[in-house]
Amino acid sequence: MTGQLRHMLRDDDISHDEQREVLELGMRFREDRFYHRPFDGPQAVAVLFDKPSTRTRSSFSVGVAELGGYPLVIDKAGSQLGRGEPVADTARVLTRMTSAIVWRTFGQERVEEMAKYATVPVVNALTDQFHPCQVLADFLTLAQLRGGVDALEGMSIAYLGDAANNMANSYLLGGATAGMHVRISGPNGYLPDAQIVADAERIAATTGGSVLVTTDPAEAVSGVDCVFTDTWVSMGEESEYAIRSKPFQAYQVNDELMALAKPNALFQHCLPAYRGKEVTTSVIDGPQTAVWDEAENRLHAQKALLTWLIGKQRGDESLLS
């Protein structure tokens, strides 16, 4: 069977049904970490880092090994990319030596350039615009704790804080793809790009989901199944924390806001978290928290995604379910 080269560069690169396939695979990997080993050999997967990482580095390194492969981890300082080599040249080299390329970098255009010249699947492990692997892990956590993948469609989720960042964008696109009711809340000046909102609304119209962008945090969390947040200051902006954090004070996830969600609502955070800032200790360490399952599920979701992408490229249906 002829295969099809697919990439995961942003959350809407997969359809509703394809997202479901990946999440079902993730559930299987939760049950059996060695369910599939598509990189037996071992075949190498390049895992590139232009930004520091704990969860992404750990989950992809361990995940590739558990899939039977060799994680070729390359930091910015240890590659010619860090010295200005064109992305296209790096893509042409790595694509001849590896079975997939995973990249945690800055601008979205960088992973898009990599995918343009690669002949193996390219995965966005985080850019300034999107974080699709994190959202797959977050939805896998909801499936794990709230009734399986079937239960995701029709769920309501809220994201609070910096609503102009990569997590907000990915919740919009990924949530709409899943058929969820997505609510994004942040202060004026920190709301999602209008084109991302329009893309999410277009997808939601086909999946039965919906999109709400509001500056009112109470409106966003009212009756939702899960509340998400992220640090108020993105990587590289730590020196500006005192200034940048001021607009977000009303968006702190605390007991009062959680009380407006469903009684059994979950709390998730992509981590690292700053207790007493975007979330209180009572919430992140409380009975509704799912952050540790969420962190673990980066492993299972990414193994599922890599397996699914390789299955598509090889035309191997046995790897898709």
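Count residues from 1 along the sequence.
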Between Asn254 and Thr280: side-chain donor-acceptor atoms closer than 3.5 Å:
no
Asp12 and Thr177: side chain donor to acceptor below 3.5 Å:
no
Are the side chain of Thr95 and the backbone N or O of Thr119 linked by a donor-acceptor pair below 3.5 Å?
yes
Can Leu48 be reached from Leu305 by stepping across I, L, V, M, F, W or Y side chains whose heavy atoms are under 4.5 Å apart?
no
Quick check: is Val149 connected to Leu319 through a chain of hydrophobic side chains (ILVMFWY, heavy atoms under 4.5 Å apart)?
yes
Tyr251 side chain to Thr215 backbone, donor-acceptor under 3.5 Å:
yes
Should Val102 and Val87 be counted in the same cluster of Ile, Leu, Val, Met, Phe, Trp and Tyr side chains packed under 4.5 Å apart?
no
Are side-chain heavy atoms of Trp103 and Asp50 found at a separation under 4.5 Å?
yes
Is Glu153 salt-bridged to Arg20, cutoff N-O under 4.0 Å?
no
Does the side chain of Asp316 come under 3.5 Å of the side chain of Ser318 through a donor N or O and an acceptor N or O?
yes
Under 3.5 Å side-chain donor-acceptor pair for Asp128 and Gln108
no
So does Pro42 get a backbone contact from the side chain of Asp40, meaning a donor-acceptor N/O pair under 3.5 Å?
no
A side-chain contact here means heavy atoms from C-beta on lying under 4.5 Å apart; do Leu306 and Pro121 qualify?
no
Check ion pair Asp75-Arg57 (N to O, under 4.0 angstrom):
yes
Let me check something: do Leu136 and Leu299 share a hydrophobic cluster, defined by ILVMFWY side-chain heavy atoms less than 4.5 Å apart, either directly or through other members?
no
What I'd like to find out is whether the side chain of Leu160 reaches to under 4.5 Å of the side chain of Leu257, using heavy atoms alone.
yes
Would you mind reporting whether His269 and Asp230 have side-chain heavy atoms less than 4.5 Å apart?
yes
Set of salt bridge (charged side-chain N to carboxylate O under 4.0 Å, His left out) partners for Arg28, sequence neighbours left out
none
Ring pair (Phe, Tyr, Trp, His ring centres under 6.0 Å) contacts touching residues 148-206 (sequence neighbours left out):
Tyr159-Tyr171, Tyr171-Phe228, Tyr190-Phe248
Go through the side-chain N and O atoms of Thr90 and Glu85 and say whether any donor and acceptor fall under 3.5 Å apart.
yes
How far apart are the closest heavy atoms of Ala178 and Phe139, and which atoms are they?
CB-CE1, 4.2 Å
The salt bridge (charged side-chain N to carboxylate O under 4.0 Å, His left out) partners of Asp225 (sequence neighbours excluded) come to Lys262
Test item: Pro71 and Phe60 side chains (from C-beta on) under 4.5 Å apart, heavy atoms:
no
Which residues pass the salt bridge (charged side-chain N to carboxylate O under 4.0 Å, His left out) test with Asp13, not counting sequence neighbours?
none
ring-ring contact (aromatic ring centres under 6.0 Å, His included) partners for Phe29, two or more places apart:
Tyr35
Verify the distance criterion only: is there a donor paired with an acceptor across the side chains of Arg110 and Thr105 at less than 3.5 Å?
yes
pair Arg146-Leu266: side-chain heavy atoms closer than 4.5 Å:
yes
Which heavy atom in Ala220 sits nearest to a heavy atom in Thr214, and how many Å separate them?
CB-CG2, 4.0 Å
Walk me through whether Arg10 and Asp199 qualify under salt bridge (charged side-chain N to carboxylate O under 4.0 Å, His left out).
CA-CA 12 Å; Arg10 47 185 273 171; Asp199 290 344; 3.1 Å; yes
Give the cluster check for Val47 versus Leu9: same hydrophobic cluster or not, with ILVMFWY residues linked at side-chain heavy-atom distances below 4.5 Å.
no
Looking only at heavy atoms, the pair that brings Met114 and Ala91 closest together is SD-CB, 3.4 Å
For Glu219, does its backbone N or O pair with a side-chain atom of Ser222 as donor and acceptor, under 3.5 Å?
no
Kindly state each residue pair satisfying salt bridge (Lys or Arg N to Asp or Glu O under 4.0 Å) with at least one member in residues 290-303, sequence neighbours excluded.
Arg30-Glu296, Glu66-Lys303
Heavy-atom side-chain proximity of Lys51 to Phe106 below 4.5 angstrom
yes
Are side-chain heavy atoms of Ile284 and Val291 found at a separation under 4.5 Å?
yes
Show your reasoning for whether side-chain contact (heavy atoms from CB on, under 4.5 Å) applies to Lys76 and Leu81.
CA-CA 7 Å; Lys76 181 179 180 180; Leu81 274 171; over 6 Å; no
